[in-house]
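This report refers to the structure that appears directly beneath it.
Chain A is the first sequence line, chain B the second, and so forth, proteins listed ahead of strands; every chain is numbered from 1.
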Amino acid sequence: MMVANYDEVMKLALERGFYFPSCEIYSDAPAGFWEYGPRGVHMKNKFIELWRRELVRRDGMLEIDGCQIMSKSVFVASGHIGNFTDPVVKCTKCGSSFRADRYITEKTGESALERMAEQEIKALIKKHNLRCPNCNGEFGEVSRFNMMFPIGIGPAAEEAYLRPETCQTIFVDFARLFKTMRGRLPLSIAQVGKSFRNEIAPRQSLLRLREFYQAEIEVFCNPDRLNEMPKFEEVKNTVLRLSDGSSIIDVTAEEAISKGLTPNKLITYYLALLVEFYDKTGIDVKRSRFRNLSVDEKAFYASVAFDFEVETSVGWLELVACNYRSDYDLKGHAITSKQNLEVLDSATQSKVLPHVFELSMGIDRSIYAILEHCYYEDREHEDRVVLRLKPYLAPILVGILPLMTKDGLDQKARQINSELKYDFDTFYDESGSIGRRYRRLEEIGTPFAITIDKATMQDDTVTIRHRDTMQQERINISGLPQYLHRALGRR
RNA sequence: GCGGUCAUGGUCUAGUUUGGUUAUGACAUGGGCUUCCCAAGCCUAUAACCCGGGUUCAAAUCCCGGUGACCGCACCA
């Protein structure tokens, strides 16, 4: 088994237009911003379409598309402002900075809290005469580091923020959606979009961005009915790879519950849907795991948390955070907005403030993981580089190649292209040797190449070449649309 | 954010120590010739010294500042 590494994927991405640094012609371009090129956009869009098919449509979720700029109150309610800014203290001599609360607690045993006022923290530092552990220099003022990007709205520059996670729009829209979309619990609401976090140290291209895509699903449920899940039958035999961080065990969804490895049918059902989805992306799910987070790793709002992680050349990579957020979010928004966000659960005829189970997917990281898992160097054939992407994720589905540019082969090929290009992502190429053109196509993951030769001119047949096996078969031109639809898994 | 290493065409790289002609080579890419089937060959073209300042007759090369990348630490709602 040949395992691709980060550098090879990076090189391919740069050379072939998958992704590249933002604003790269300017020297002041900040880190943590990357753009998708033509190949990357196709792949990302198709990934999102697969997510819609396998999760949103399969489960009957509601999809929304919310705003990226949201008012300050939203983040007061969510806890992003106030409680969850980090107090930072900087050494005046060497410039090293530290998390003030952690440093104080660690050094003195006196518990300092994140949410303490700056003066209180400063007083504690003074009281214990704490100094910089690196150079013994004196500490300066205590400041707050908030990962959110502030935005000023209108001439008065009213305080607002770029959302640090897409889910907050789902929470604030929940009441209207439940009412107008005839909602019943459990109700799943999904959203794809950009989020923004002012990371201290963005790194590794798509893996740690300041502006990034998320695909989030929030399942609103009645906490008393987490085991009433008829749909669970569909996934009871799906294998989950569960891990505590060291060992991994394979169990079916059904076994996971009976052995108490997962808490209830609702959570287990969605974990299983997620594995089935990732299996279809071409990621090797044998190199994945659900890591059950320990108490101190969990986010502030989560009572149960599983990270879906995939093994890559840069280690285990977290692709999806699965958190049981309880009623943390709706309760916060209800209090801050002074709205009643309880709904009637028709099954029990009782009012309930729903709990939330969330699947928060990182799209950019998923794209990277797919590229790495699909990257293959074929040692048998001059080390040709092949991206073994699933047809429905490939930027180009089919290359259309006249064997030569004479005897009318090129006109015939253009004609076939113009017939297919409205229904499929095609790529017409007549330049260079046929082998060269095949190699270029397979490097960006194109699963098929149609070749037009002299026989085509006589009997309207073409050869269709398969990327992975390099085998060719001859089929009639009129059969091409059906052939390609089948390859995409359509009827 | 801290420390270390580094920055030359689309990609990889020579040249920097010791400043001095037209910045090396490969791959990739465009055009042409050839060729009905797997990176062939021939001709040809395009294309780079991260940004700003300084030293100097002269800077890719030396100095200062900035930005970015990689590796560790810290952080990661």
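- Of the C1' atoms belonging to B:U61 and B:U24, the separation is 15 Å, rounded to the nearest Å.
- The side chain of A:Arg384 has B:A39 as its nearest neighbour among B:C76, B:A39, B:A77.
- With hydrogens and angles left out, the side chain of A:Asp28 and the base of B:C51 share no donor-acceptor pair within 3.5 Å.
- Of the two residues near RNA chain B, A:Gln204 and A:Tyr438, the one whose nearest nucleotide lies more 5' is A:Tyr438.
- Taking side-chain N and O atoms only, A:Ser433 has no distance below 4.0 Å to OP1 or OP2 of B:A39.
- With hydrogens and angles ignored, a donor-acceptor pair closer than 3.5 Å exists between the side chain of A:Gln472 and the base of B:C37.
- In the model, A:Gln191 has a side-chain atom that pairs as donor or acceptor with a side-chain atom of A:Thr169 under 3.5 Å.
- Comparing B:C37, B:G68, B:A77 against the side chain of A:Thr451 picks out B:C37 as the nearest.
- For the C1' atoms, the distance from B:G30 to B:G10 is 13 Å, rounded to whole Å.
- B:C73: Watson-Crick or G-U partner is B:G1, with both key distances under 3.5 Å.
- For A:Lys72 and A:Tyr161, the positive end is not near the middle of the six-membered ring at less than 6.0 Å and at most 45° from its axis.
- Picking from B:C37, B:U29, B:A77 the nucleotide with the shortest atom distance to the side chain of A:Arg436 gives B:U29.
- Counted by atom type alone, A:Tyr438 and A:Glu442 present zero donor-acceptor pairs between their side chains at under 3.5 Å.
- Contacts of A:Lys11 with the nucleic acid, taken as non-hydrogen atoms under 4.0 Å apart, involve only primed sugar atoms and P, OP1 or OP2.
- Both tests pass for A:Arg289 against the ring of A:Trp316: distance under 6.0 Å to the centre and angle within 45° of the axis.
- At a cut-off of 3.5 angstrom, the base of B:C51 holds no donor-acceptor pair with the side chain of A:Tyr26.
- Using a 4.0 Å heavy-atom cutoff across all strands shown, A:Phe20 reaches no nucleic acid atom at all.
- When Watson-Crick and G-U wobble pairs are counted only if both distances are under 3.5 Å, B:G68 pairs with B:C6.
- Across B:C76, B:G10, B:C38, the shortest atom-to-atom separation from the side chain of A:Glu15 is found for B:G10.
- Between the C1' atoms of B:A7 and B:U44, the separation comes to 33 Å (whole Å).
- Atom name C1', nucleotides B:U13 and B:G72: the rounded distance is 27 Å, in whole Å.
- Taking atom CD of residue A:Glu430 and atom P of nucleotide B:C37, one finds them 18 Å apart after rounding to whole Å.
- The base of B:C37 has none of its N or O atoms less than 3.5 Å from a complementary donor or acceptor on the side chain of A:Arg465.
- Only the P atoms considered, B:A77 is 37 Å distant from B:G9, to the nearest whole Å.
- Look at OH on A:Tyr19: it is 13 Å from P on B:A69, rounded to the nearest Å.
- In this structure, A:Pro30 reaches the sugar-phosphate backbone alone: every heavy-atom distance under 4.0 Å involves primed, P, OP1 or OP2 atoms, never a base.
- Residue A:Arg365 contributes atom CZ, which lies 14 Å from atom P of B:C76 at whole-angstrom precision.
- The gap from the C1' atom of B:U67 to that of B:A45 amounts to 34 Å, rounded to the nearest Å.
- Across all strands shown, B:A26 forms a Watson-Crick or G-U wobble pair with B:U11, both key distances being under 3.5 Å.
- Of the C1' atoms belonging to B:A40 and B:U21, the separation is 38 Å, rounded to the nearest Å.
- For A:Arg203 against B:G72, a side-chain-to-base donor-acceptor contact under 3.5 Å is present.
- Residue contacts for A:Val462: at a heavy-atom cut-off of 4.0 Å it reaches no nucleic acid atom on any strand shown.
- In this structure, CG of A:Asp378 is placed 11 Å from C1' of B:C38, rounded to the nearest angstrom.
- At the heavy-atom level, A:Ala201 lies under 4.0 Å from base atoms of the strands shown.
- Comparing the C1' positions of B:U8 and B:C51 gives a spacing of 15 Å, expressed to the nearest Å.
- Residues A:Pro395 and A:Leu389 meet the side-chain proximity criterion, which asks for heavy atoms closer than 4.5 Å.
- A:Tyr270 and A:Ser188 share a donor-acceptor pair across their side chains, judged by distance under 3.5 Å alone.
- For A:Thr463 against B:C37, a side-chain N or O and a base N or O form a donor-acceptor pair under 3.5 Å.
- A distance of 6.0 Å or more separates the ring centres of A:Tyr19 and A:Tyr368.
- Using N1 to N3 plus N6-O4 or O6-N4 for Watson-Crick, or N1-O2 and O6-N3 for G-U wobble, each under 3.5 Å, B:U56 pairs with nothing.
- Within the 4.0 angstrom heavy-atom criterion, no nucleotide atom of any strand lies near A:Ala321.
- Shown here, B:C33 forms a base pair with B:G41; the pair counts as Watson-Crick or G-U wobble because both key distances fall under 3.5 Å.
- For A:Arg16, whose side chain is taken as the heavy atoms from C-beta onward, the closest listed nucleotide among B:C37, B:A28, B:U11 is B:A28.
- Stacking of A:Arg39 on the aromatic ring of A:Phe18 is not recorded, the 6.0 Å distance cut-off and the 45° axial limit not both being met.
- Nucleic acid contact for A:Arg208: base, since at least one base atom lies under 4.0 Å from a heavy atom of the residue.
- Proximity of A:Arg440 to the phosphate of B:U29: a side-chain N or O atom is located under 4.0 Å from OP1 or OP2.
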